[in-house]
Q: 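Could you have a look at this structure, given as structure tokens, before my questions?
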Amino acid sequence: SAIFAGTVDPDDTAVVAVVNFAGGQCSGSLIAPRLVMTARHCVADTAGKEQQVICGQTLFTPPDSPGAIFVVPQPQITDDPDDYVAVADIRMPEGLDDDLCGTDVVLLRLKKPLSGVTPVSPRVDEPVQRGEPYAAVGFGVDESLEAHPSSVRKRGEGYEITCHGAACKAGDVFDNEWVGTGGPCSGDSGGPAFDAQGRVIGVVSRGKPGCTEPVFSDVSSRADWLKAEAIAAANAAMESPPDWAPCDAQNPCTEPSQPEPDPKSDGPEETCSLAAPRGRGISAWSCALAAALGLVRRRRNVMCGRRDPRL
């Protein structure tokens, strides 16, 4: 979804759309070449499909199939299948319970790295502070405009952190969550909050009508898990981990491999193409994806807090 009264944002290229063909459209942050951080409720439904979130009662069901989920690294969600990057795996901490509150973060491991996109860094070494400013970025519904336009990346600034964890005194904010003054609207779930240095400090979880009192999943309290997942993803791909996830004894790194030369590249340049004309001979996967694009309009929206209807 788009930020309330936000401005069109072509520059935050690491903020991507997350499209779930099982039913949902969200935002996410590329924090490593193959890792997107987003909200858990973007990839998993709740048992009763409640229209409101009540901590201790709103429970997750198992996540949807990774094969139904794609990310779109474009400033606007398109209908071009070539813009959709497949998800290989959904990563969650071991032993995570089903309560939505306090558990609303997942990592999407991509089948291939996002080329040409520089990842952003999560702030893993410093907790948030009350009064700290933040910016919010997301795709979709801008409720400040009469037409409620959606699916375009927008950015809003000038917000502040109002409280963190138990200091919120609301009873529905966990220790690994914080509340802000505004920004995210319907469907902004999974999108980032950036600090003044451009590091991700929060992931949109839920909010109240009118795009008020958004609750963010805190990033720094999940530092150990994020580092371990970044190193594991890099090891699996035989690549170097990001700078914010240095290797250690608990999470050792493997040596990055050097790509072997393609024997086909040794031959003479071809002078003509034998590929089918664009739009013909399209794969079954592309056909299915293109057909499904029209089905994603039923969105899994940013969820509202207790006593408020779901956005």
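The figures here come from the full heavy-atom set of this structure, side chains too, leaving out hydrogens, waters and symmetry mates.
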Q: If we ignore hydrogens and angles and just use 3.5 Å, is the side chain of Asp99 paired with the main-chain N or O of Gly56 as donor and acceptor?
A: yes
Q: Taking only residues two or more places apart in sequence or in another chain, which ones pass side chain to side chain contact (heavy atoms under 4.5 Å, CB included) with Pro246?
A: none
Q: Are Asp45 and Thr61 close enough that a side-chain donor and a side-chain acceptor fall under 3.5 Å?
A: no
Q: Could Arg199 and Glu126 be called an ion pair, given the rule that one side-chain N must be under 4.0 Å from one carboxylate O?
A: yes
Q: In this structure, would Leu108 and Val85 fall into the same cluster of hydrophobic residues linked by side-chain contacts under 4.5 Å?
A: yes
Q: Would Trp178 and Val219 satisfy side-chain contact (heavy atoms from CB on, under 4.5 Å), going step by step from the backbone distance to the final call?
A: CA-CA 10 Å; Trp178 55 267; Val219 168; over 6 Å; no
Q: Going by side-chain contact (heavy atoms from CB on, under 4.5 Å), Thr46 matches just one of Leu59, Val53, Leu100. Which one?
A: Leu100
Q: Side chains of Pro66 and Arg109: does their closest heavy-atom pair fall under 4.5 Å?
A: no
Q: How about Val71 and Tyr84: do any of their side-chain heavy atoms sit closer than 4.5 Å?
A: no
Q: Taking the side chain as every heavy atom from C-beta outward, state whether Phe216 and Ser205 have any atom pair closer than 4.5 Å.
A: no
Q: Closer than 4.0 angstrom, basic N to acidic O: yes or no for Lys112 and Glu239?
A: no
Q: Can a donor-acceptor pair be found, under 3.5 Å and without considering hydrogens, that links the side chain of Asp218 to the backbone of Ser221?
A: yes
Q: For residues Asp104 and Ser217, is any side-chain donor paired with an opposing acceptor at under 3.5 Å?
A: no
Q: Evaluate Arg222 against Glu177 for salt bridge (Lys or Arg N to Asp or Glu O under 4.0 Å), listing each step before the verdict.
A: CA-CA 11 Å; Arg222 296 170 168 83; Glu177 298 177 323; 5.8 Å; no
Q: Just wondering, more than 12 heavy atoms not from Gln197 lying within 6.0 Å of its CD?
A: yes
Q: Salt bridge between Arg155 and Asp12, side-chain N to carboxylate O under 4.0 Å?
A: yes
Q: Before accepting this row, confirm whether a basic side-chain N of the pair Arg40/Asp98 lies closer than 4.0 Å to the acidic partner's carboxylate O.
A: yes
Q: Mind listing the closest non-hydrogen atom pair of Pro119 and Val117 along with its distance?
A: CD-O, 3.4 Å
Q: Can you list the steps and then say if Thr7 with Asp9 is a side-chain hydrogen bond (donor to acceptor under 3.5 Å, both in side chains)?
A: CA-CA 6 Å; Thr7 57; Asp9 180 17; over 6 Å; no
Q: Ser189 side chain to Ala39 main-chain N or O, any donor-acceptor pair under 3.5 Å?
A: no
Q: Counting N and O atoms only, with roles assigned by atom type, does the side chain of Asn235 sit under 3.5 Å from a partner on the main chain of Pro252, one being a donor and the other an acceptor?
A: yes
Q: Looking at Asp89, I want to see if its CG is surrounded by more than 12 non-hydrogen atoms of other residues, nucleotides or ligands under 6.0 Å.
A: yes
Q: Output yes when Glu213 and Arg206 qualify as a salt bridge under the 4.0 Å nitrogen-oxygen rule, no when they do not.
A: no
Q: Checking side-chain polar atoms at under 3.5 Å, does Thr13 have a donor or acceptor matched by the opposite partner on Asp11?
A: no
Q: Show your reasoning for whether side-chain contact (heavy atoms from CB on, under 4.5 Å) applies to Leu30 and Leu35.
A: CA-CA 6 Å; Leu30 185 73; Leu35 281 183; 5.8 Å; no
Q: Decide whether Leu226 and Ile231 are clustered together by the hydrophobic rule: side chain heavy atoms of Ile, Leu, Val, Met, Phe, Trp, Tyr closer than 4.5 Å, transitively.
A: no
Q: Please check if Phe174 and Ile201 belong to a single hydrophobic cluster, counting links between Ile, Leu, Val, Met, Phe, Trp and Tyr side chain heavy atoms closer than 4.5 Å.
A: no
Q: Counting heavy atoms not belonging to Asp125, are there more than 12 under 6.0 Å from its CG?
A: yes
